[in-house]
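Down below is the structure, laid out as structure tokens.
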Amino acid sequence: MKKILLYGGATLLLILLGAFLFIQIGGIPSYAVEKPALNLRTDSATLATGKKYVSMLCASCHLNPETRQLTGRFMSDAPKEFGVINTPNITQDKTYGIGDWTPGEILYLLRTGNKRDGQYAPPYMAKLPTMSDADIIAIISFLKSEDPMVTAAAVPDKPVEPSFLTKMLTRVAFKPFKMPAAPINVPDSSDAIALGGYLARNLECFSCHSADFKTNDFLHPEKSEGYFGGGNKPLNHEGLVMPTPNLTPDKATGIGSWSQEKFVKALKTGIVEGQPALRYPMAPYTQLTDREAAAIYQYLMSIPPISNKVERAPAE
Ligand code: HEC
Ligand code: HEC
């Protein structure tokens with residue numbers, strides 16, 4: 001009997017060791033890639049839309065404060081549990097940047113999460129599976145434009161060293177998205193709640209303001225655990241936890257008692273009741289128009305309230 005237990009235990013250990021080695025050595029999985037055709041646009045309205053989204057969605061990770069270009073940086077604010085993360089150069093340099101990526105390859109990465117060599121980009125790289133076709137084309141058109149933010153800069157990439165947890169999550173929890181089966185339209189801008197919902201999901205407000213990065217659902221954001229109920233724990237540049245506030249209309253623990261005016265001002269400037277109140281990683285969204293910021297407020301007021309009191313990070 002004892003012998004059987006001993007063999008059983010040893011077999012289990014061997015299986016666990018095998019699984020560990022498979023994940024540790026196998027690393028991040030790769031998938032087959034498609035190369036969709038995509039026509040870029042060069043009109044100034046499209047490039048302005050692209051710049052606006054890139055500034056709000058990509059610059060937070062890919063902009064290097066020294067070069068003022070999208071040459072990448074060390075992400076001191078990435079949770080340590082995910083590994084050592086450096087963002088790559090995504091300027092148009094053909095050797096070090098993405099100058100030789102086709103528009104379709106960039107589209108495929110942004111939609112599905114698969115890089116052009118097929119390797120999956122882990123959860124710390126943004127994915128845009130629900131953004132409208134027009135807005136995602138605007139982003140790619142901007143990345144291929146003459147704007148100083150993206151002109152070729154010969155800055156080599158620093159390595160990304162994903163942790164065991166990241167590798168495991170990309171084997172069991174995070175899978176690439178499929179390319180959308182039907183066209184995705186920009187919402188009717190006269191419908192404030194529809195527009196606000198579109199922005200709150202696609203500017204990824206929900207990803208920080210829900211319960212946990214690990215339980216976010218980018219394909220169906222409303223299904224993320226604690227959708228907009230706050231409590232997620234992004235880090236600041238010093239690596240300190242900055243718990244996210246509850247943005248649901250709950251009056252006691254959310255923003256149910258905030259006026260639209262207070263919200264718009266806070267979102268666009270970081271100022272609440274006359275004082276700078278919102279610290280990194282909550283950067284002001286200066287690029288939003290008042291109408292867009294107000295639409296986000298109206299959307300948030302329309303979602304189910306969640307009672308969740310979040311203790312804010314202490315003042316330094
Ligand atoms: C939260 C941080 C973060 C955000 C936001 C982000 N990225 Fe990334 N991005 C990364 C990281 C980290 C990698 C490297 C992933 C890897 O190689 O495993 C990456 C990889 C890439 C690559 C592949 C480059 C290469 O040489 O392999 C492209 C292209 C890219 N990002 C474009 C974008 C665009 C466009 C946006 C905005 C829509 C964006 N990223 C937003 C972190 C981010
Ligand atoms: C990278 C993570 C992150 C993203 C993305 C993000 N936020 Fe925040 N947000 C935070 C953190 C952290 C705080 C708290 C900052 C502090 O304590 O100083 C905050 C604070 C706020 C507050 C103040 C709430 C209060 O009760 O004081 C509002 C309003 C807000 N965010 C709205 C938004 C909206 C709208 C978006 C999308 C357009 C967004 N946030 C995107 C992390 C984020």
Side-chain angles (χ1 to χ4, degrees), residues 48-66 68 73 75-78 126 135 149 189 192-193 195-211 213 221 226-303 305-316:
T49 302
K51 182 165 192 168
K52 180 169 160 171
Y53 277 113
V54 167
S55 306
M56 291 192 290
L57 264 175
C58 320
S60 56
C61 291
H62 287 279
L63 186 78
N64 186 301
E66 273 142 41
R68 303 297 308 155
R73 67 170 174 98
M75 292 204 55
S76 52
D77 47 339
D135 287 341
M149 217 171 160
S189 67
I193 293 183
L195 174 67
Y198 175 80
L199 292 170
R201 289 185 295 270
N202 288 292
L203 292 177
E204 305 197 337
C205 315
F206 82 94
S207 85
C208 279
H209 283 278
S210 299
F213 288 118
Y227 184 57
F228 274 115
N232 196 356
K233 298 183 176 62
L235 306 181
N236 67 11
H237 284 303
E238 288 74 45
L240 299 175
V241 172
M242 298 296 289
T244 58
N246 180 342
L247 299 186
T248 70
D250 187 67
K251 283 216 162 43
T253 65
I255 57 164
S257 59
W258 283 41
S259 67
Q260 178 171 300
E261 202 189 344
K262 177 176 170 180
F263 179 91
V264 170
K265 179 124 203 206
L267 184 57
K268 291 185 59 180
T269 66
I271 291 173
V272 181
E273 271 138 21
Q275 298 294 326
L278 303 181
R279 296 159 293 174
Y280 190 88
M282 181 62 209
Y285 286 80
T286 51
Q287 298 87 354
L288 288 175
T289 64
D290 285 4
R291 267 194 70 240
E292 289 166 331
I296 296 178
Y297 172 83
Q298 289 171 31
Y299 169 72
L300 291 172
M301 288 302 128
S302 78
I303 65 173
I306 294 177
S307 172
N308 180 32
K309 185 160 170 40
V310 178
E311 287 304 332
R312 294 286 270 274
E316 275 116 54

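Summarising the geometry, atom CG belonging to L267 is positioned 7.0 Å from atom SG belonging to C205; distances are rounded to the nearest 0.5 Å. Separating the CH2 atom in W258 from the CG atom in L300 is a distance of 11.0 Å, to the nearest 0.5 Å. Note that CG of N202 and CG of D135 are 8.0 Å apart. Values are rounded to the nearest 0.5 Å. The distance from the NZ atom of K309 to the CG atom of D250 is 11.0 Å, given to the nearest 0.5 Å. Rounded to the nearest 0.5 angstrom, E204 CD and L199 CG are separated by 12.5 Å. The line from CG of L63 to CZ of R68 is 5.0 Å long, rounded to the nearest 0.5 Å.
In terms of modelled atom types and a separation under 3.5 Å, the side chain of K268 and the main chain of L288 share a donor-acceptor contact. A distance-only check finds a donor-acceptor pair linking the side chain of R279 to the backbone of A313 [under 3.5 Å]. Checked by atom type and distance alone, the side chain of Q275 never pairs as donor or acceptor with a backbone atom of V272 at under 3.5 Å. Without hydrogens or angle criteria, H209 side chain to P245 main chain gives a donor-acceptor distance under 3.5 Å.
The closest side-chain donor-acceptor pair between T248 and N246 falls under 3.5 angstrom. A donor and an acceptor atom, one from each side chain of N308 and T253, are nowhere located under 3.5 Å apart.
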- Apply the test side-chain contact (heavy atoms from CB on, under 4.5 Å) to residues E292 and Y198: give CA-CA distance (whole Å), side-chain angles for both, the deciding distance (0.1 Å), then the verdict. CA-CA 10 Å; E292 289 166 331; Y198 175 80; over 6 Å; no
- Any chance you could lay out the side-chain contact (heavy atoms from CB on, under 4.5 Å) test for R291 and S189, step after step, and finish with the verdict? CA-CA 10 Å; R291 267 194 70 240; S189 67; 4.3 Å; yes
- Message: Test side-chain contact (heavy atoms from CB on, under 4.5 Å) on L203 and Y53; report intermediate values, then the result.
- Response: CA-CA 8 Å; L203 292 177; Y53 277 113; 3.9 Å; yes
- Which is it for M242 and Y280 under the side-chain contact (heavy atoms from CB on, under 4.5 Å) test, yes or no, and what are the steps along the way? CA-CA 8 Å; M242 298 296 289; Y280 190 88; over 6 Å; no
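Within 6.0 Å of atom NZ in K233, 12 or fewer heavy atoms from other residues, nucleotides or ligands are found, so the atom counts as exposed in its surroundings. Applying the 6.0 Å contact sphere to CD of E261 captures no more than 12 heavy atoms from other residues, nucleotides or ligands.
A salt bridge does not link E273 with K265: every distance from a Lys NZ or Arg NE/NH1/NH2 to an Asp or Glu carboxylate oxygen is 4.0 Å or more.
In this pair, F228 and F206 present their aromatic rings perpendicular. The plane angle is above 60°, beyond the 30 to 60° band. Using bins of under 30°, 30° to 60° and over 60° for the plane-to-plane angle, the ring pair F263/Y297 lands in the tilted bin.
Not counting sequence neighbours, N232 has no partner by the side-chain hydrogen bond (donor to acceptor under 3.5 Å, both in side chains) test.
R201 and P221 make their closest contact through CD-CG, 3.6 Å (heavy atoms, listed as atom of the first residue, atom of the second, distance). Here the closest heavy-atom approach between residue A277 and residue R312 is recorded as O-NH2, 4.2 Å. Listed here is the closest heavy atom pair of P284 and T269: CB-C, 3.8 Å. Closest approach of A200 and I296 over heavy atoms only: CB-CG2, 4.4 Å.
For the pair L235/V241, a side-chain contact is recorded, criterion being any heavy-atom separation below 4.5 Å from C-beta on. Looking at heavy atoms from C-beta onward, V54 lies out of side-chain contact with Q287 at the 4.5 angstrom threshold. Annotation: side chain of C61 is in contact with side chain of M75 (closest heavy-atom distance under 4.5 Å).
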